[in-house]
Amino acid sequence: MIEKEYKAQEVEEKWVKLWKDDMYYFDWNSKKPHYIIDTPPPYPTGSFHIGNTLNWCYIDFIARYKRMKGYEVMFPQGWDCHGLPTEVKVEEIHGISKNDIPREEFRRLCVEFTKGNIERMKQTMKRLGFSIDWSKEYITMYPEYYRKTQISFVRMFNKGLIYKGYHPVVFCPRCQTTIALAEIEYKKGKTKLNYIRFGDGDNSVIIATTRPELIPACVAIAVHPEDERYKHLIGKKVKVPTTDYEVEIIADEDVDPEFGTGIVMICTFGDKQDVKWWKKHNLQLRAILNKDGRLNEKAGKYAGLTTLEAREAILRDLAEEGRLIKQEEIEQNVGVCWRCKTPVEIIVEDQWFVKVEKDKILKAARQIKWVPEHMLSRLESWVEGMEWDWVISRQRIFATPIPVWYCKRCGAIVVAKEEWLPVDPTKDKPKEPCPKCGSTEFEGETDVLDTWMDSSITPLAITGWPDEWRKEDYPTSLRPQGHDIIRTWAFYTILRSLALVGDIPWKEIVINGMVLGEDGRKMSKSLGNIVEPHEVIEKYGADALRQWAASGVVGDDVAFSWKEIVAASRFQQKFWSILRFTLLHLKEKPSDEDAKLLRDADRWILSKLMKLVKEVDEHMENYRFAEALKAIRSFTWYEYADNYLEIVKNRLYAGSEDEKKPARFVLYTVMNVLTRLLAPFTPFLAEECWQRLHEGIGEKVESVHLQSYPEADERLIDEEAEKRGELIKEIVSVVRRMKHDKGLPLNAPLKKVMIFAPIEIDTRDIAGALNAEVELLKEMPTIEVRVKALKPKFNILGPMFKDKVKAIVNAVSKLSNEEKLKFVESGKIEIDVDGEKIELKSEWFDVEVEKVLGGEGVEVLETENAVVIVEI
RNA sequence: GGGCCCGUGGUCUAGGGGUUAUGACGCCGCCCUCACGAGGCGGAGGUCGAGGGUUCGAGUCCCUCCGGGCCCA
């Protein structure tokens, strides 16, 4: 006999040890249809958090389901290692700055640190039971991977899709690096709006700016073309304070006449809008800001000051000159570096860019199936709003080196040949002299690549690109990822796939939401609402956490919920108890012969089981995990345990061998099917129950995760049996309810139960379940029939009578009992509605009939389809 | 400010034109039943965020507003 309590932790830890990694190995040569998942490579922070958990649970549900459905599934796992957070952490740990030690040494420290983090995260992932193929692990910081990143760079460069250009870029003065638009965050803050007079006398205007320190970078002044106040100024020139030059007043529709004075200065560059205007009006460039966040010689006397110092100095000077008219406090959103929260600046620098071909990307994105569908529009609006190309160069160390040198003699750009890769141009030399001038003296590129350059080739990397690329397995089957990185990871991957192989990267993309705290707000340290996976695992186990993950709608944000976890673990206990009951009555595998003895109740539950299988399968195909799991749970608990097992119990304890056999057949079949249905969701519970079930009947079986997913056996779907089964269920439950109402124990004996029902049913299980003698009546004894209700079927009446429906329903409700009865018996009636005669058919109504039987010492109970007379 | 999503008993949630709105947790009452008391049975609890519209009929479709979330400017 198995123990009473299901101990999730014990069971789960046992299977983590026993399961062999190779169960999930993907074989390229398998003849099964291939299903390849472009798993996200997480950033190795060291902890696999609950947001990751949601994402990976979805992946694992899909992977396990597809595997059981007969696919050869690839569930690889990568690690997206490069990036600033690790650099910062390593500097912190060792108390150094990256510039204190040789690049190579710094890189080595980052690699060491990252390795440890990966190991820790892997432990959690294994503990959560993810069916990852660890033989397909890839780590972007290792040469075998970043060689691929470098090859991708070289190929795109050679296709003219990567170029070096002089261009405004967003720059973080603290991190000392360029950052992508996608890396800017916006913070609300207060600042002063300064009203400043430009020019003198008649030829003066008042502009409003929050960035007076950029006045020396002013290259034009703009007003709205329809602004009556200023129309006359257009085309005039005005002298810029603090400088000795004049700029033109131009017209542009983007100027907001409501903001400040309605006159705006255009600087190179205060923000993105400046860049837009600068390009559109072909303005000159006055770059006054250096990389260190200080003004340069172009700012005249303010050279050398930081932007904040310059702001004060300029305002002071302007005030002295009487040009500062007024200041007012306003709310403003400031762009800050997503990492260090320092306000970013726009500077002009030589950078590497990837061309963004918007139309091609949009067209490709629309060929991919998005789940949920509306997530496509997020990508679309991002792409449509893009204003410049993707800046891929970063001034950092821990990243993929850009495989480029500059000839010291002629300045030519020398891009590495593919066969030289991987390469680090800061220490390796080109293998050939400069193709332009023949020099062998080179300067290696010290800029490195944006981390998204590494991660945007994952679907290619996992399909063997570029060496043994499995073109026939491309596009891959699925990209699962969060909606927060649609504009980055999804976007860049599509771009790169098109650029490198001219095809979309995946057929489908399934988007997961974010995990919110129990309070419905984003999880954050400051709110103190963070829950870590290990906390949940320690209390309730991984399967319970996985069930929680299944509870939401794919794409929606999901709030963490201990309640859901508790409910999930109760279900596991319930399932375990059912197994315990099953094994109590099952000692050997039932034969197909036993199936010939099936009774109504047995056929009913088997038919229901088959319908469940169909339903679950359909939900799984459409990534409706919550619906699938809910269907399994409610069948298990409310149909099977509460009804079927209660009905069949008596037979199993007290019946003859021939009565027990078919029940055992059901016990085995249901358990067998349910464990397999549950396997993708609760792999540990499913495995334990699968193994115990077969141990119990003396059979040795392989892992449940190597079995096929249940398929509905159409022969077991039996509508007639379902009707009879439902009737049995109704009768049993109505009598139990009566016992309950009378304060009787549910197993209290009854003298006699008589049933009048429209169809023949097998009363033997009813007798057992009710502890009473049961008689099936052929005729309804002296009864009075009353039509209790005639419920209109609006879906029929509505389209037929339109706006007359109300009047008809009203008229019908006013019929007397006799008229109603006559209507039901004859099947039709003619009624008067607003002077019009209308013939109605009784089939347009749901008829509820009430049967009343007088008598002493008997209870008359009604179910939907039967009348039950009980002698107590 | 813009885009997308979401407002359904106390809390979370299903339902996306058809009239008695699903389930879970919690709550109340009853039953110590031979797999499970971490169980079973029953019950109370809702003007489906607000207002307008379309329709014979609206949680469901449309508009406006209010509130929340995420992403972006």
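Since this is a predicted model, take the numbers as computed values, not measurements.
A/A626 comes within 4.0 angstrom of no nucleic acid atom, judged by non-hydrogen atoms across all strands. The residue A/K4 sits close only to the backbone: its heavy atoms come under 4.0 Å of sugar-phosphate atoms, none of a base.
Spacing of P atoms, B/A21 relative to B/U33, comes out at 35 Å, to the nearest Å. Comparing the C1' positions of B/G26 and B/U64 gives an interatomic distance of 37 Å, to the nearest angstrom. On the C1' atoms, B/C25 is 16 Å away from B/A44, given to the nearest whole Å. For the C1' atom pair drawn from B/G49 and B/G42, the interatomic distance equals 33 Å after rounding to whole Å. Nucleotides B/A24 and B/G39 have their P atoms positioned 12 Å apart, rounded to a whole Å. Taking atom P in both B/G46 and B/C65, the straight-line distance is 31 Å, to the nearest Å. Remark: the separation of the P atoms in B/C70 and B/G29 is 41 Å, to the nearest Å. Atom P of B/U47 sits at a distance of 12 Å from the matching atom of B/G51, rounded to the whole Å.
Comparing B/C70, B/C56, B/U33 by their closest approach to the side chain of A/K802 singles out B/C56. If you check B/C5, B/C70, B/C36 against the side chain of A/H374, the one that comes closest is B/C5. The side chain of A/K806 lies closest to B/G57 when the candidates are B/C70, B/G57, B/G40. Of all nucleotides listed (B/G26, B/G69, B/C41), B/C41 comes nearest to the side chain of A/D642. Picking from B/G69, B/C36, B/G40 the nucleotide with the shortest atom distance to the side chain of A/S577 gives B/C36. Side-chain proximity of A/R378 to B/A38, B/C4, B/C36: nearest is B/C4.
The interatomic distance linking A/N643 (CG) with B/G40 (C1') rounds to 11 Å, in whole Å. Distance A/D484 CG to B/C4 P: 19 Å, rounded to the nearest Å. A/W562 has its CH2 atom 18 Å from the P atom of B/C25, to the nearest Å. Atom pair A/Y640:OH and B/C36:C1' shows a separation of 14 Å (rounding to whole Å applied). Atom CE of A/M386 is separated from atom P of B/G2 by 22 Å (rounded to the nearest Å). Residue A/F259 contributes atom CZ, which lies 14 Å from atom C1' of B/A73 at whole-angstrom precision. Taking atom CD1 on A/I486 and atom C1' on B/C5, their separation rounds to 11 Å, with Å as the unit. The nearest whole Å value for the distance from the CG atom in A/L645 to the P atom in B/C41 is 12 Å.
Pairing of B/C4, defined by two Watson-Crick or G-U wobble distances under 3.5 Å, is identified with B/G69. Base-pair partner of B/U20: not found among the strands shown (Watson-Crick or G-U wobble, both distances under 3.5 Å).
Expressed to the nearest 0.5 Å, how far CZ of A/F491 lies from CD1 of A/I486 amounts to 13.0 Å. Note that CG of A/D765 and NZ of A/K729 are 15.0 Å apart. Values are rounded to the nearest 0.5 Å.
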Pair A/R664-A/E657, salt bridge (charged side-chain N to carboxylate O under 4.0 Å, His left out): steps then yes or no:
CA-CA 10 Å; A/R664 288 182 190 143; A/E657 204 47 29; 2.9 Å; yes
For A/H49 and A/V515, what are the C-alpha separation, side-chain angles and deciding distance, and is it a side-chain contact (heavy atoms from CB on, under 4.5 Å)?
CA-CA 10 Å; A/H49 58 73; A/V515 176; over 6 Å; no
CA sep, side-chain torsions, deciding dist, call: A/F801, A/W844, side-chain contact (heavy atoms from CB on, under 4.5 Å)
CA-CA 12 Å; A/F801 298 105; A/W844 299 341; 3.9 Å; yes
Applying ring-ring contact (aromatic ring centres under 6.0 Å, His included) to A/Y58 and A/F625, what does each step give before you reach the verdict?
CA-CA 8 Å; A/Y58 287 172; A/F625 307 124; 5.4 Å; yes
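Both the sub-6.0 Å distance and the 45° axial angle are not jointly satisfied by A/R692 relative to the ring of A/W576.
Exactly one of A/N650, A/I647, A/V868, A/I728 qualifies for a side chain to side chain contact (heavy atoms under 4.5 Å, CB included) with A/I766. That residue is A/I728.
Glycosidic conformation at B/G53 (O4'-C1'-N9-C4 for purines, O4'-C1'-N1-C2 for pyrimidines): anti, more than 90° from 0. An anti base is found at B/G51: its glycosidic angle is more than 90° from 0.
Looking at residues two or more places apart in sequence or on another chain, you find a side-chain contact (heavy atoms from CB on, under 4.5 Å) between A/I697 and A/L586, A/K589, A/Y668, A/H694, A/E699.
Using a 4.0 Å cut-off on heavy atoms, none of the residues of residues 537-549 of chain A approach RNA chain B.
A salt bridge does not link A/R651 with A/E659: every distance from a Lys NZ or Arg NE/NH1/NH2 to an Asp or Glu carboxylate oxygen is 4.0 Å or more.
Two residues, A/I578 and A/M375, neighbour RNA chain B, and the one matched to the more 5' nucleotide by heavy-atom proximity is A/M375.
Side-chain atoms of A/T682 and A/R546 form no donor-acceptor pair, as typed in the model, at a separation below 3.5 Å.
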Given protein heavy atoms under 4.0 Å, the one-letter contact record of nucleotides 11-24 of chain B, with B base, S sugar-phosphate only and - none, is simply B--S---BBB---S
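Taking the six-membered ring wherever Trp is involved, the centroid distance between the rings of A/F635 and A/W637 does not fall below 6.0 Å.
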